[in-house]
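Data first, discussion second: the structure below is written as structure tokens.
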Amino acid sequence: MMNHRKLRMGMIGGGPGSFIGAVHRIAANMDGQIELVAGAFSSQPEKSEQAGKELYLHSNRVYQSYDEMYEKEKQLPEGERIDFVSIVTPNHVHFDPAIKALKNGFHVVLDKPMTLTLDEAKELEKVIQETGMLFCLTHTYTGYPMVKEAKQLVANGTLGNIRKVYVEYPQGWLWKSFADDENKQAAWRTDPKKSGVAGCMGDIGTHAMNLAEYVSGLKLDKLCADLNTTIDGRSLDDDGTVLLKFDNGASGVLMASQVATGAENNLKIRVYGDKAGLEWQQDDANSLIVRHPEQPDQIYRAGANIPYLSSYALANARTPAGHPEGYLEAFANHYNNFAKTLLAKLTGQTPEKEWLDFPGTEDGVRGMAFIEQVVKSGKSEQKWTKFEI
């Protein structure tokens, strides 16, 4: 593929005190396809200006609001204006900047979850379809090479008919109550006005659900949730377990907790079919364990030079075997695939099938449906809730 130029990115959010903004910038920059040229980094103009200086941007490309950025960027010559925006704000500031970007002719990369509500997600989906703009939702963990390998092993029948899926995401960082000024991330993630109707399930439960559907190739059909709020005074769930039923009849269990004291981020998935099973965990992201009955375990390893891996795993691996690739690289794979697809779109080329393998609109809408129906099930005495969009 001949790149005619780097893609020009504008960022919304990600100013001082933002964790995820820096992750997005590193990921976008990793493969040399994208250049950050503009931004509205905070709702506080002085903080946006500060971020722009720290990122060495021209002062006339640092804006006080995303509305100002869209308006002024549109007025620039086509060869200078941004191609897409990366939106890294809290959940309640996802819908408006995303829908305005699309309507103003800018493609969108959006941090998950897609929006604050399912209705907003459906409206955003409609605008994406109407405008034909490219959209990426950063469900990080499906970017790992060995997660992609796991998906291909399921898809090619190595595991047979899928019977069971276990997915767990234990975190411990919300193990105690925080004052609003003590932990900025905790403050907005536990605030229903900014986070939405779910806390832990919206923040990391959606990642687990997305991973389960991605690897298994199945779609969630119904669920039964038990949600908990363990810290006095906290308004949203910080722990939960969800029983899952998939569209082929397979069952599953999803566990997500942000009060698993001492736990870090060891997201883990196990999938079992009638021929074999597999297991992957983020703490050993370069390894994928495949288990066949009456045989020793097989350990597949990530690496850009391993001949037995699928084209999807190889396309998302950067280093030779034995050189660990982790969270930042997985995140960057989504940006890289998005960028290659967008460059193909802009130059009239057909993107490779591996490039198209990044989370998008369907993942976002299903994630919001999961949030709302998990909360509904958690409050219901009947428990089992049909998964509907």
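Residue numbers run from 1 in the order of the sequence given. Predicted model only: the values in this text are computed from it and were never measured.
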Point to revise | No-hydrogen, no-angle side-chain donor-acceptor test under 3.5 Å, Lys164 and Ser251 | key: yes
Practice item. Apply the side chain to side chain contact (heavy atoms under 4.5 Å, CB included) test between Val85 and each candidate in His107, Met69, Glu73, Lys100; give the one that qualifies. Key: Met69
Review point. Are Val154 and Ile299 grouped together when hydrophobic residues (ILVMFWY) are joined by side-chain heavy atoms under 4.5 angstrom apart?
Key: no
**Study point:** Polar contact flag, side-chain donor to acceptor under 3.5 angstrom, Gln349-Thr347
**Key:** yes
Review point. Does the separation of the ring centres of His207 and Tyr141 fall below 6.0 angstrom?
Key: yes
Practice item. Check the pair Asn104 / Tyr66 against side-chain hydrogen bond (donor to acceptor under 3.5 Å, both in side chains), numbers first and verdict last. Key: CA-CA 11 Å; Asn104 278 284; Tyr66 55 82; over 6 Å; no
Check your understanding: Are the aromatic ring centres of Tyr300 and Tyr308 under 6.0 angstrom apart?
Key -> yes
Do any side-chain atoms of residues 126-133 form donor-acceptor pairs under 3.5 angstrom with protein atoms, and if so which ones, sequence neighbours left out?
from, atom 1, to, atom 2, distance (Å)
Thr131, OG1, Val127, O, 2.9
Thr131, OG1, Ile128, O, 3.4
Thr131, OG1, Met133, N, 3.4

**Study point:** Side-chain heavy-atom pair Trp173, Asn183 within 4.5 angstrom cut-off
**Key:** yes
Check your understanding: Any donor and acceptor pair, going by atom type alone, linking the side chain of Glu264 with main-chain N or O of Gln171 inside 3.5 Å?
Key -> no
Point to revise | Passing candidate, side chain to side chain contact (heavy atoms under 4.5 Å, CB included) with Ile389, options Arg366, Glu125, Met368 | key: Arg366
Practice item. Only one of Asp203, Asp238, Asn91 passes side-chain hydrogen bond (donor to acceptor under 3.5 Å, both in side chains) with Arg189; say which it is. Key: Asp203
Check your understanding: Does a side chain donor of either Glu46 or Gln50 reach within less than 3.5 Å of an acceptor in the other side chain?
Key -> no
Check your understanding: In terms of hydrophobic clustering (I, L, V, M, F, W, Y; side-chain heavy atoms under 4.5 Å; direct or indirect links), are Trp175 and Met201 co-clustered?
Key -> no
Practice item. Give a yes or no on whether the ring-centroid distance for Phe338 and Trp355 is below 6.0 angstrom. Key: no
Point to revise | Candidates Val215, Ile269, Val271 - the one meeting side chain to side chain contact (heavy atoms under 4.5 Å, CB included) with Trp280 | key: Ile269
**Study point:** Test: Lys6 and Asp83 ion pair at under 4.0 Å
**Key:** no
Revision key, fill the gap. Separation between NE2 (His24) and NE2 (His334), nearest 0.5 Å, reads 10.0 Å
**Study point:** Approximate separation, where rounding is to 0.5 Å, of Asn60 CG and Leu76 CG
**Key:** 8.0 Å
Exercise for review: State whether a side-chain donor-acceptor pair under 3.5 Å links Asn333 with Asp31.
Suggested key: no
Practice item. Decide, yes or no, whether a salt bridge links Lys268 with Asp284 under the criterion of side-chain N to carboxylate O below 4.0 Å. Key: no
Check your understanding: Taking Asn286 for the side chain and Gly303 for the main chain, is one N or O donor matched with an acceptor at less than 3.5 Å?
Key -> no
Exercise for review: Can you sort out the partners of Glu149 under salt bridge (charged side-chain N to carboxylate O under 4.0 Å, His left out), two or more places apart, ordered by chain and number?
Suggested key: none
Practice item. Considering only NZ, NE, NH1 and NH2 on the basic side and carboxylate oxygens on the acidic side, decide whether Glu372 and Lys376 come within less than 4.0 Å. Key: no
Check your understanding: Taking atom types as modelled, is there a side-chain donor on Arg301 or Ser287 under 3.5 Å from an acceptor on the other?
Key -> yes
Review point. Can you tell if the side chain of Thr158 reaches within under 4.5 Å of the side chain of His292, non-hydrogen atoms only?
Key: yes
**Study point:** Short side-chain donor-acceptor distance under 3.5 Å, Thr138 and Asp111
**Key:** yes
Point to revise | CA sep, side-chain torsions, deciding dist, call: Glu168, Leu254, side chain to side chain contact (heavy atoms under 4.5 Å, CB included) | key: CA-CA 6 Å; Glu168 60 184 72; Leu254 183 155; over 6 Å; no
Practice item. For Lys222 and Gln373, run side chain to side chain contact (heavy atoms under 4.5 Å, CB included): C-alpha distance rounded to whole Å, both residues' side-chain angles, the deciding distance at 0.1 Å, then the answer. Key: CA-CA 9 Å; Lys222 58 183 178 179; Gln373 288 166 40; over 6 Å; no
Review point. With a 4.0 Å cut-off, would you call Arg291 and Glu279 a salt bridge?
Key: yes
Point to revise | Non-hydrogen side-chain atoms of Glu325 and Arg318 separated by less than 4.5 Å | key: yes
Check your understanding: Is Val290 reachable from Tyr166 through a run of hydrophobic residues whose side-chain heavy atoms are each under 4.5 Å from the next?
Key -> no
Check your understanding: Are Leu288 and Tyr272 in one and the same hydrophobic cluster, where Ile, Leu, Val, Met, Phe, Trp and Tyr link if side-chain heavy atoms are under 4.5 Å apart?
Key -> no
Practice item. Apply side chain to side chain contact (heavy atoms under 4.5 Å, CB included) to Ala27 and list each qualifying residue two or more places apart in sequence or on a separate chain. Key: Phe331, Ala332, Tyr335
Check your understanding: Heavy atoms, side chains only, cut-off 4.5 Å: are Arg25 and Met11 in contact?
Key -> yes
Practice item. For the pair Asp221 and Lys386, evaluate side chain to side chain contact (heavy atoms under 4.5 Å, CB included) and give the outcome as yes or no after the intermediate values. Key: CA-CA 6 Å; Asp221 181 57; Lys386 181 71 174 176; 2.6 Å; yes
Review point. Does a donor on one side chain sit under 3.5 Å from an acceptor on the other, for Tyr312 and Lys353?
Key: no
Review point. Less than 4.0 Å between a side-chain N and a carboxylate O, is that true for Asp363 and Lys112?
Key: no
